[in-house]
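Notes follow once the structure below has been shown.
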Amino acid sequence: MAPVISSINPNHGPPTGGTAVTITGSGFTGATLVKFGTVPVSSFTLVSDSQITTTAPAGTGSAAVTVTTPLGGTSNGVTYTYGTVPVITSLTPTSGTAGTSVIISGSGFTGASSVHFGTASATFTVLSDGQIQATAPAGSGTVQVTVTTPAGTSNSAAFTYTVLPVITSLTPTSGTAGTSVIISGSGFTGASSVHFGTASATFTVLSDGQIQATAPAGSGTVQVTVTTPAGTSNSAAFTYTVLPVITSLTPNQGPTSGGNTVTISGTNLSGATSVLFGTHAATITANTATQITVTAPAGAAQSVNVTVTTSAGTSNPLPYFYVAAPAITGLIPTMGPSGGGNTVTIFGSGLALTSAVHFGAAAATNITVISDSQITVTAPVGTGTVLVTATTPGGTSTVGLGNAYYTYVAPPVITSLSPAQGSVSGGDDVLIRGSNLTYTDAVFFGTAPASFAAVSDTMVVTTSPPGTVGPVTVTVHSPGGTSNGATFQYQP
């Protein structure tokens with residue numbers, strides 16, 4: 001019975017030959033010749049009646065394989081195909097991580113049976129005879145990529161496994177836009193971008209394990225990532241905080257001694273850790289999201305900036321004015337009626353912001369600021385000698401240089417004249433008796449002023465001025481007012 005070939009394995013190989021081929025079939029006993037097309041093999045081994053092993057000779061195209069025995073030759077058309085060995089010209093990209101899609105360019109890729117990255121087999125798709133798309137399998141370092149087809153295995157091309165960047169921590173983990181953030185981790189060399197959420201951040205690579213980034217504008221909690229040629233890192237959370245904002249100070253001025261209560265209004269004020277008046281810390285006594293109450297510290301007479309600091313940062317500044325305490329150096333007049341109502345001019349310093357003037361415990365009215373050193377007021381009702389004080393945001397004046405005392409004087413009272421008559425030529429000594437006469441500053445006979453001397457609170461001696469025959473009314477004047485009248489009779 002003539003031999004029959006059922007299969008050959010492999011059924012393809014390079015044009016140079018040399019491929020070991022197993023021929024399977026029947027009737028091979030006594031085989032004398034094996035040919036690939038018209039080319040006989042140099043040698044073959046008869047393994048059994050059903051199997052021959054040999055080495056493919058050089059050849060091209062498709063060649064029919066035949067076995068000849070004394071009973072005849074095969075003619076059932078099993079062929080062996082000669083192909084071109086694949087050639088790799090480039091990889092795109094030449095580096096990446098496991099899972100990176102790599103385009104292998106070259107020629108002779110038709111019928112590719114495997115693609116290897118080093119010793120690791122890769123999944124692949126033959127796009128054309130000159131291009132394969134492969135997915136890099138797990139690996140490390142630099143490996144050689146090869147393509148195997150029926151014609152053989154290609155030359156190799158280097159592919160370098162890169163390591164994805166890894167973020168381990170952020171310092172700090174919260175802040176405002178503009179906050180400097182240290183990103184710690186590994187694989188940061190060659191970083192091409194840093195993102196806070198979708199916003200790109202400016203950054204500096206300090207080392208393979210550390211990046212300094214500036215938080216871009218943002219809000220809420222966002223994920224921070226680092227991208228290098230190897231890919232994008234894991235993410236780490238950064239929370240945007242809102243700076244405190246202050247809108248008003250009440251009051252916005254106070255004494256250099258401090259100690260006064262100041263209410264600070266604004267937004268995002270919760271959790272205030274400090275309130276500064278210039279460089280001096282105030283004592284926080286109450287704190288809500290929109291209001292802080294503090295006790296102002298002492299400070300020099302000047303304007304300072306008030307700021308509020310929370311965990312989010314420091315607020316905008318608002319000016320606060322330290323005002324020196326006022327001083328009173330003199331009064332005109334220094335005396336007045338117990339009924340008040342008269343105008344008193346007050347001299348001193350630091351009076352421009354006067355909000356109140358007191359005569360003892362009684363408040364004056366009609367405060368008029370003429371300058372920082374002079375004000376006028378209407379004296380209140382009072383008795384005795386009292387200290388006059390002025391109150392400004394800088395505090396209340398205290399006793400210092402000059403005279404700040406004001407004496408209330410009761411209206412003078414005349415009870416008798418002795419004698420009660422005199423010559424029209426004047427010159428008569430007249431004793432005026434009464435009360436509240438100590439501060440007498442004028443004596444009148446009608447409208448004519450007379451010379452006088454206050455002897456005591458109950459007695460004034462006066463000399464009558466010239467007059468005309470008939471009665472005139474004698475009056476006494478003092479800071480307390482004008483007395484009642486007493487009749488003096490001029491005689492010829």
Side-chain angles (χ1 to χ4, degrees), residues 170-181 196 214-222 237-327 348-358 363 367 369 371-372 375 389-398:
L170 305 180
T171 304
T173 58
S174 63
T176 60
T179 297
S180 177
V181 179
F196 281 58
T214 300
S219 61
T221 297
V222 298
F238 180 86
T239 301
Y240 280 93
T241 53
V242 183
L243 282 176
V245 175
I246 57 176
T247 55
S248 67
L249 306 176
T250 306
N252 66 351
Q253 53 194 359
T256 55
S257 59
N260 55 307
T261 297
V262 177
T263 299
I264 303 170
S265 298
T267 56
N268 309 313
L269 303 180
S270 295
T273 55
S274 72
V275 174
L276 293 179
F277 281 56
T279 59
H280 298 100
T283 301
I284 300 172
T285 57
N287 186 188
T288 68
T290 58
Q291 197 170 81
I292 300 175
T293 302
V294 300
T295 300
Q302 61 182 353
S303 172
V304 299
N305 283 327
V306 175
T307 56
V308 173
T309 299
T310 69
S311 58
T314 299
S315 72
N316 59 301
L318 284 183
Y320 179 86
F321 300 91
Y322 277 103
V323 181
S349 61
L351 302 177
L353 300 177
T354 299
S355 57
V357 173
H358 285 82
I367 300 170
V369 175
S371 68
D372 192 60
I375 59 175
T389 58
T391 299
T392 71
T396 298
S397 61
T398 56

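Counting from 1, the numbers follow the sequence of the chain as shown.
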- Task: Quick one: list whatever passes side-chain contact (heavy atoms from CB on, under 4.5 Å) with Ile367, sequence neighbours left out.
- Result: Thr354, Val357, Val377

- Message: Applying side-chain contact (heavy atoms from CB on, under 4.5 Å), can you list everything that pairs with Thr279, at least two apart in sequence or on another chain?
- Response: none

- Note on the structure: Interatomic distance, CG@Leu269 vs OG@Ser315, rounded to 0.5 Å, equals 7.5 Å

- Task: Output, in order, the C-alpha distance, side-chain angles, deciding distance and verdict of side chain to side chain contact (heavy atoms under 4.5 Å, CB included) for Val306 and Val275.
- Result: CA-CA 7 Å; Val306 175; Val275 174; 4.1 Å; yes

- List the atom of Gln253, the atom of Pro393, and the distance in Å for their closest heavy-atom pair. NE2-CG, 3.3 Å

- Closest non-hydrogen atom pair between Gly395 and Pro255, with its separation: N-CB, 4.2 Å

- Looking at residues at least two apart in the chain, or sitting in another chain, which of them share a side-chain hydrogen bond (donor to acceptor under 3.5 Å, both in side chains) with Thr392? none

- Who passes side-chain contact (heavy atoms from CB on, under 4.5 Å) against Asn316, sequence neighbours left out? Val245, Ile246, Leu318

- Message: What I'd like to find out is whether the side chain of Thr261 reaches to under 4.5 Å of the side chain of Thr293, using heavy atoms alone.
- Response: yes

- Message: What's the separation between atom OG1 in Thr179 and atom CZ in Phe196, rounded to the nearest 0.5 Å?
- Response: 8.5 Å

- Query: Is the closest side-chain heavy-atom distance between Phe321 and Pro251 below 4.5 Å?
  - Reply: no

- Message: With ring-ring contact (aromatic ring centres under 6.0 Å, His included) as the rule and sequence neighbours excluded, what pairs involving residues 256-292 come up?
- Response: Phe277-Tyr320

- Can you name the nearest heavy-atom pair linking Val262 to Ala296, along with the distance? CG2-CB, 4.2 Å

- Return each pair, listed once, that meets ring-ring contact (aromatic ring centres under 6.0 Å, His included) where at least one residue sits in residues 281-319; pairs must be two or more places apart or across chains. none

- Sequence neighbours excluded, the answer for side-chain hydrogen bond (donor to acceptor under 3.5 Å, both in side chains) partners of Ser180 is Gln212

- Message: Could you work out, with side-chain hydrogen bond (donor to acceptor under 3.5 Å, both in side chains) as the rule, every residue matching Ser355, not counting sequence neighbours?
- Response: none

- Query: Which heavy atom of Ala390 sits nearest a heavy atom of Leu351, and at what distance?
  - Reply: CB-CD2, 4.0 Å

- For residues 298-311, pull every pair meeting side-chain hydrogen bond (donor to acceptor under 3.5 Å, both in side chains), keeping only residues two or more places apart or in separate chains. Thr309-Thr314

- Message: For Thr396, give me all partners under side-chain hydrogen bond (donor to acceptor under 3.5 Å, both in side chains), at least two apart in sequence or on another chain.
- Response: Thr391

- Note on the structure: By side-chain contact (heavy atoms from CB on, under 4.5 Å), Thr239 pairs with (sequence neighbours left out) Ser174, Thr221

- Indicate the atoms forming the closest heavy-atom contact of Leu243 with Ala312, along with that distance. CD2-O, 3.4 Å

- So, for Pro326 and Gly394, which heavy atoms are closest and what is the spacing to 0.1 Å? CD-C, 4.4 Å

- Query: Does anything in residues 242-263 pair up under ring-ring contact (aromatic ring centres under 6.0 Å, His included), and if so which pairs, sequence neighbours excluded?
  - Reply: none

